[in-house]
Amino acid sequence: MNSIPTFSSMTPEAGLKKAMELSRPDIIAEISASNLKGRGGAGFPTGVKWNFAASAHADRKYIVCNADEGEPGTFKDRVILQEYADLVFEGMTIAAKAVGAKEGILFLRGEYTYLRPHLEAVLQRRREAKLLGPEVLGAVFPFDIRIFMGAGAYICGEETALIECIEGFRGEPRNRPPFPVNTGFLGRPSVVNNVETLAWAACILQRGADWFKSHGTEKSTGIKIFSVSGDCEKPGIYEFPLGISVLELLKKVGGEHARAVQIGGASGLCVPASEFHRAIAFEDIPTGGSVIVFGPQRDMLEVLHNFLEFFVDESCGQCTPCRLGNRKLLEGVEMLQAGTCSMTYLRELCALGESMQLASKCGLGQSSPSAFLSVVKHFRDELMGRVTLPTHG
Ligand SMILES: Cc1cc2nc3c(=O)[nH]c(=O)nc-3n(C[C@H](O)[C@H](O)[C@H](O)COP(=O)(O)O)c2cc1C
Ligand code: SF4
């Protein structure tokens with residue numbers, strides 16, 4: 001399935017027209033009341049982010065749409081941009097009105113270059129319809145959007161690396177604070193939001209915060225778009241309310257016989273069948289939307305090998321815990337596969353993974369050991385058969 005029913009049911013530009021009638025604080029109040037949390041994975045409250053940027057004093061502010069979508073198993077932003085680009089640009093324009101920005105930048109994943117002509121055509125159509133340009137909808141509100149092409153590095157999805165990249169530097173995360181809402185693109189306050197977050201912002205302005213809150217849980221309001229792949233009958237794009245249990249989701253996609261599910265991509269959690277009752281929500285299992293189903297025959301060490309190779313390749317190398325830690329974890333998996341890893345060394349690798357979570361500079365190194373640690377925790381019996389036992393004699 002590739003259509004998103006709720007997005008399809010929206011009236012074009014109704015959210016933007018509503019925003020044009022509201023004051024800046026009232027737009028932010030509506031987003032805050034909806035309790036929309038960022039759909040890129042971290043789940044930061046969007047209303048709070050917009051409010052910080054709106055309160056910052058600066059000659060220029062920016063709205064940056066994060067369409068880098070590099071997390072393994074995630075492809076929902078690609079579909080949203082292909083099918084609902086107007087809704088995303090509408091959301092960016094609403095965000096601009098709310099914080100006082102005049103320029104928007106869509107950071108598009110290098111692998112999505114083929115989408116660029118379509119997106120440029122949508123932007124041009126919006127300019128002609130006065131939905132972008134010097135006077136949006138006839139008001140004294142200039143705003144336009146340009147597209148910046150990424151070059152295929154996963155780390156450039158991290159918001160400060162993304163900003164470095166747009167500025168023309170190597171895509172490496174900055175120290176935080178200061179945060180982009182205060183010191184972002186060219187040192188100016190910048191809102192960086194995920195593609196899906198911006199589309200939901202437009203829906204919320206159109207239908208209201210109460211409509212959004214009528215879906216999901218108290219702490220994780222609304223609907224979420226999921227990219228489902230792996231060992232299931234119906235992989236694809238789905239919308240489900242947050243709070244759905246792993247098992248309910250698996251039943252919908254024909255994957256209920258899975259032995260485990262990776263939620264949140266390679267940097268997410270590996271959830272075993274014994275925990276399929278858990279909820280996909282920020283208060284339990286958070287996610288940017290990637291769901292990878294592992295069927296009964298999957299070798300979890302092979303899965304880990306695959307993820308860790310990815311992190312070794314994608315680490316920017318700036319800090320030691322991530323640069324070396326991912327290599328050590330990958331070597332450890334290879335030792336387990338070869339039957340040369342002792343129990344003591346496996347314990348040391350787990351301690352290393354925990355140190356990486358604490359000591360890495362950015363979210364890549366902080367989350368890259370998660371899959372390793374959850375597989376060791378939940379598939380202990382299986383791994384015990386692969387460790388070398390001490391010999392006596
Ligand atoms: C290594 C790494 C990669 C990331 N990749 C993406 C991405 O592709 N898309 C995205 O929206 N957020 C990504 N993020 C999260 C962003 O840093 C940021 O939190 C997000 O764009 C904020 O938008 P939101 O509040 O709307 O979710 C990534 C974070 C890290 C640490
Ligand atoms: S955690 Fe990894 S990706 Fe992030 S700054 Fe350190 S080396 Fe770079």
Side-chain angles (χ1 to χ4, degrees), residues 31 35-50 52-53 63-78 80-81 88 91-92 95 105-112 150 152-166 170-176 179-181 184 190-201 220 222 224-225 227 264-268 282 286-290 308 310-327 329 355-370:
I31 295 295
N35 204 9
L36 171 65
K37 289 185 175 157
R39 283 353 194 195
F44 192 81
T46 308
V48 174
K49 188 180 279 189
W50 289 16
F52 279 135
I63 304 299
V64 181
C65 174
N66 189 342
D68 194 47
E69 196 165 54
E71 186 66 52
T74 314
F75 43 93
K76 51 136 189 130
D77 291 343
R78 170 170 60 80
I80 297 171
L81 288 170
V88 178
M92 288 179 77
I105 302 166
L106 175 81
F107 186 98
L108 186 62
R109 179 182 172 158
E111 290 86 341
Y112 294 171
Y154 170 63
I155 192 55
C156 288
E158 195 280 337
E159 57 187 13
T160 60
L162 180 148
I163 289 169
E164 286 282 301
C165 185
I166 307 177
R170 202 183 155 100
E172 289 182 343
R174 295 176 176 172
N175 288 325
R176 302 186 313 167
F179 293 95
V181 281
S190 307
V191 166
V192 183
N193 270 137
N194 173 253
V195 170
E196 184 191 340
T197 311
L198 290 159
W200 285 120
S220 303
K224 176 85 192 80
I225 314 300
S227 320
S267 56
F282 296 112
T287 180
S290 163
L308 285 163
F310 172 78
F311 288 125
V312 167
D313 281 350
E314 298 295 336
S315 164
C316 82
Q318 241 192 116
C319 66
T320 310
C322 169
R323 184 181 65 247
L324 295 183
N326 283 308
R327 281 190 186 280
L329 293 183
S355 303
M356 289 166 67
Q357 289 176 323
L358 293 172
S360 294
K361 175 170 169 173
C362 87
L364 191 153
Q366 289 158 8
S367 58
S368 58
S370 302

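For ligands, and for the atoms within them, numbers begin at 1 and follow the listed sequence. Keep in mind that the numbers below use all heavy atoms, side chains included, and drop hydrogens, waters and symmetry copies.
- In terms of protein heavy-atom proximity, atom 10 (C) of ligand 1 is nearest to N66 ND2, 3.2 Å.
- The N/O atoms of D77, backbone and side chain alike, include none that comes under 3.5 Å of an N/O atom in ligand 1.
- The shortest heavy-atom distance from C362 to ligand 1 is not under 4.0 Å.
- Atom 8 (O) of ligand 1 has its closest protein heavy atom at E69 N, 2.9 Å.
- In this structure a side-chain-to-backbone donor-acceptor pair under 3.5 Å is present from E196 to I225.
- Within ligand 2, the atoms closer than 4.0 Å to a non-hydrogen atom of C319 are 1 (S), 6 (Fe), 7 (S), numbered from 1 in the order shown.
- Smallest separation of non-hydrogen atoms from P180 and T160: CG-CG2, 4.1 Å.
- Formation of a donor-acceptor pair under 3.5 Å by the E69 side chain with backbone atoms of R78 is found in this model.
- The heavy atom nearest to atom 3 (C) of ligand 1, out of those in R109, E158, R176, is found in E158.
- The contact set between ligand 1 and D68, taken as ligand atoms under 4.0 Å from a residue heavy atom, comprises 8 (O).
- Which parts of ligand 1 touch V192 is read off a 4.0 Å heavy-atom cut-off, strictly below it: atoms 21 (O), 22 (C), 23 (O).
- Near G40, the atoms of ligand 1 lying under 4.0 angstrom from a non-hydrogen atom of the residue are 11 (O), 12 (N), 27 (O).
- To the nearest 0.5 angstrom, E71 atom CD is 8.5 Å from L364 atom CG.
- Nearest heavy atoms, Q357 versus S370: NE2-OG, 3.9 Å.
- Side-chain contact check for I155 versus E314: every heavy-atom pair is 4.5 Å or farther apart.
- A donor-acceptor pair under 3.5 Å is formed between the side chain of S290 and the backbone N or O of P72.
- At a heavy-atom cutoff of 4.0 Å, ligand 1 is contacted by both the backbone and the side chain of E159.
- Checked against a 3.5 angstrom limit, the closest N/O atoms of G157 and ligand 1 fall inside it.
- Contacts between K49 and ligand 1 below 4.0 angstrom, taking non-hydrogen atoms only, involve the side chain exclusively.
- Ligand 1 places these atoms under 4.0 Å from at least one heavy atom of G38: 24 (P), 25 (O), 26 (O), 27 (O).
- Of all protein heavy atoms, the one lying nearest to atom 2 (Fe) of ligand 2 is C322 SG, 2.4 Å.
- The atoms of ligand 1 that sit less than 4.0 Å from any heavy atom of G363 are 31 (C).
- Annotation for L106 and C65: closest pair CD1-SG, 3.3 Å, computed over non-hydrogen atoms.
- When all heavy atoms are compared, the tightest approach of I163 to V192 is CD1-CG2, 4.1 Å.
- Using modelled atom types, no side-chain atom of D77 and backbone atom of D68 make a donor-acceptor pair closer than 3.5 Å.
- Close contacts between ligand 1 and T197 involve ligand atoms 24 (P), 26 (O), 27 (O) [criterion: under 4.0 Å to a heavy atom].
- For the pair K224 (side chain) and G288 (backbone), a donor-acceptor distance under 3.5 Å is present.
- Ligand-side atoms of ligand 1 in range of R39: 26 (O), 27 (O), range being under 4.0 angstrom from any heavy atom.
- Interface atoms of ligand 2 facing G365, defined by a heavy-atom separation under 4.0 Å, are 1 (S).
- The backbone N or O of P173 sits nowhere less than 3.5 Å from a side-chain atom of E158 that would complete a donor-acceptor pair.
- Because its NZ or CZ atom is not both nearer than 6.0 Å to the ring centre of F179 and within 45° of the ring axis, R176 does not count as a cation-pi partner of that residue.
- Annotation for ligand 2: atoms under 4.0 Å from non-hydrogen atoms of G317 are 7 (S), 8 (Fe).
- Annotation: atom 23 (O) of ligand 1 to nearest protein heavy atom, N194 N, 3.2 Å.
- For ligand 2, the atoms sitting less than 4.0 Å from at least one non-hydrogen atom of S360 are 1 (S), numbered in the order shown with element in parentheses.
- Atoms of ligand 1 lying under 4.0 Å from any heavy atom of L364, numbered from 1 in the order shown and given with element: 1 (C), 31 (C).
- The protein atom (non-hydrogen) at minimum distance from atom 4 (Fe) of ligand 2 is C362 SG, 2.4 Å.
- Contact annotation: C316 places an N, O or S atom under 2.8 Å from atom 8 (Fe) of ligand 2.
- Checked by atom type and distance alone, the side chain of K361 never pairs as donor or acceptor with a backbone atom of P321 at under 3.5 Å.
- Residue S315 approaches ligand 2 through these ligand atoms, each under 4.0 Å from one of its heavy atoms: 2 (Fe), 7 (S).
- Atoms of ligand 2 found under 4.0 Å from any heavy atom of I155, numbered from 1 in the order shown, are 3 (S).
- For the residue pair N326 / S368, a side-chain donor-acceptor distance below 3.5 Å is found, with atom types taken as modelled.
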